[in-house]
Amino acid sequence: MAKATMEDVARLAGVNKATVSRALRGDSRISQATREKVWKFAKEIGYRLDLAASTLSGGRTGIAALVLEEIDPWLTGQFLEGLNRVLSRSGLDLLLKLPGFHPGELLSSLEARHVDCILWAGTEEHRPEPQGTISSTPMVTAGFSLPQKPAVLISRERTVERLENLAGSAKALRYRAGSGVLLFPFLSRMIAPWKKGEKKVFPVIDGEDQTVLTEPPGVFCTRGEMNPPWGMHSLEWPAFEFGVTAARVLVNVLQGQASVPEITYLVPALKSPEGETFPYVK
């Protein structure tokens with residue numbers, strides 16, 4: 001059986017070869033309907049785009065660098081799955097850089113590798129100094145912001161607003177941190193701390209090894225694959241959504257789209273003790 005070619009896909013989809021190439025690389029100039037049609041026929045006949053030849057001919061390497069300021073909570077299957085789902089459709093492979101680097105040396109090494117773009121993930125509490133992140137390579141940040149760089153962040157105000165609505169007027173919203181990894185460290189600055197012996201409170205507990213208070217209901221901050229202690233609501237760190245959203249913004253920046261927002265906000269899922277997700281109304 002002859003090997004499937006780009007010409008075969010183009011003929012079946014009713015488009016030219018250039019459109020097939022752009023569609024399979026996720027080029028935003030190609031409509032969603034055309035991209036889906038091209039992908040459908042390419043999959044049916046077993047055609048795969050030669051990404052190495054395609055990227056080199058366009059002056060690109062097909063490599064997106066993922067820089068992690070900290071391992072936890074970023075290095076998770078859900079975050080990487082969301083990230084790869086979008087980047088792979090645009091012909092981009094991941095190059096992972098773990099903590100322990102000097103920002104200036106890191107950027108020099110990435111530029112020497114000719115990476116096409118950079119996603120830098122971390123927190124506002126441990127973000128790099130802006131002067132150490134100057135680079136001509138397209139860059140997006142996740143979890144923190146830098147001047148003149150698109151960022152994907154959790155909406156602090158909307159998150160606290162939802163927690164206050166859940167607590168209601170009968171109980172005071174209070175924050176308590178454990179000694180584990182804090183998934184939402186900004187809550188400690190926006191919610192009054194819990195005090196021992198305090199009554200009629202609605203606790204928000206962050207830090208996975210934290211002992212559960214004896215007065216549920218409350219909210220326990222979790223990852224998506226974890227269950228909260230019995231009787232408590234959960235506030236889930238949006239790992240998969242972070243990956244998908246950051247990758248989409250990164251691809252848009254790489255493709256030179258003019259409409260990329262300065263900040264894209266995410267709102268974490270809030271669930272009942274039974275695991276039902278509370279609807280979020282903007």
Side-chain angles (χ1 to χ4, degrees), residues 1-68 75-97 107 109-121 135-142 149-150 152 239-261 264:
M1 182 177 179
K3 184 179 179 180
T5 66
M6 186 180 293
E7 289 87 347
D8 296 329
V9 179
R11 185 179 65 257
L12 292 170
V15 297
N16 58 38
K17 288 172 55 178
T19 299
V20 171
S21 176
R22 293 189 182 109
L24 294 180
R25 286 188 285 112
D27 194 317
S28 62
R29 292 174 293 180
I30 307 302
S31 70
Q32 181 68 25
T34 299
R35 289 203 300 268
E36 290 178 355
K37 182 169 61 174
V38 169
W39 273 100
K40 173 179 178 292
F41 287 117
K43 185 176 181 180
E44 285 181 359
I45 66 175
Y47 174 75
R48 297 190 65 180
L49 180 66
D50 186 345
L51 293 176
S54 176
T55 53
L56 288 175
S57 66
R60 294 180 179 176
T61 59
I63 299 175
L66 171 60
V67 178
L68 299 183
L75 195 57
T76 65
Q78 288 184 327
F79 174 68
L80 295 176
E81 179 187 354
L83 194 62
N84 188 62
R85 177 175 297 188
V86 176
L87 295 182
S88 62
R89 291 185 177 181
S90 296
L92 291 166
D93 291 324
L94 276 175
L95 172 65
L96 180 61
K97 288 292 186 179
L107 291 175
S109 68
L110 292 179
E111 290 174 354
R113 295 287 297 271
H114 301 290
V115 300
D116 292 336
C117 51
I118 301 170
L119 173 62
W120 203 316
S135 172
S136 59
T137 304
M139 183 188 300
V140 172
T141 61
K149 304 291 184 185
V152 180
F240 182 77
E241 293 80 2
F242 247 128
V244 169
T245 305
R248 287 175 177 166
V249 175
L250 191 63
V251 169
N252 289 341
V253 171
L254 180 61
Q255 294 175 348
Q257 291 196 12
S259 59
V260 177
T264 302

Side chain to side chain contact (heavy atoms under 4.5 Å, CB included) partners of I63, counting only residues at least two apart: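 With sequence neighbours excluded, I63 shows a side chain to side chain contact (heavy atoms under 4.5 Å, CB included) to T61, L95, V115, given in chain and number order.
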
Going from [atom1] on [X] to [atom2] on [Y], what distance comes out if it is rounded to the nearest 0.5 angstrom?
X: L119; Y: L68; atom1: CG; atom2: CG; answer: 8.5 Å
X: W120; Y: L110; atom1: CH2; atom2: CG; answer: 8.0 Å
X: T264; Y: R248; atom1: OG1; atom2: CZ; answer: 11.0 Å
X: L83; Y: F240; atom1: CG; atom2: CZ; answer: 10.5 Å
X: K149; Y: M139; atom1: NZ; atom2: CE; answer: 5.0 Å
X: N84; Y: D93; atom1: CG; atom2: CG; answer: 8.0 Å

Minimum heavy-atom distance [X]-[Y], with the two atoms named:
X: F242; Y: V152; result: CE2-O, 3.4 Å
X: E111; Y: T137; result: CG-OG1, 3.8 Å
X: P261; Y: P150; result: O-CB, 3.9 Å
X: A42; Y: V9; result: CA-CG2, 4.0 Å

Check whether any side-chain N or O of K37 sits under 3.5 Å from a backbone N or O of A13 as a donor-acceptor pair, and report yes or no. yes

Ignoring hydrogens and geometry beyond distance, is a side-chain donor-acceptor pair present between T5 and E7 at under 3.5 Å? yes

A side-chain contact here means heavy atoms from C-beta on lying under 4.5 Å apart; do [X] and [Y] qualify?
X: L92; Y: L254; value: yes
X: I118; Y: L107; value: yes
X: F79; Y: L66; value: yes

Is it true that R85 and E81 have a side-chain N and a carboxylate O under 4.0 angstrom from each other? yes

May I have the step-by-step check of side chain to side chain contact (heavy atoms under 4.5 Å, CB included) for L80 and L75, ending in yes or no? CA-CA 7 Å; L80 295 176; L75 195 57; 4.0 Å; yes

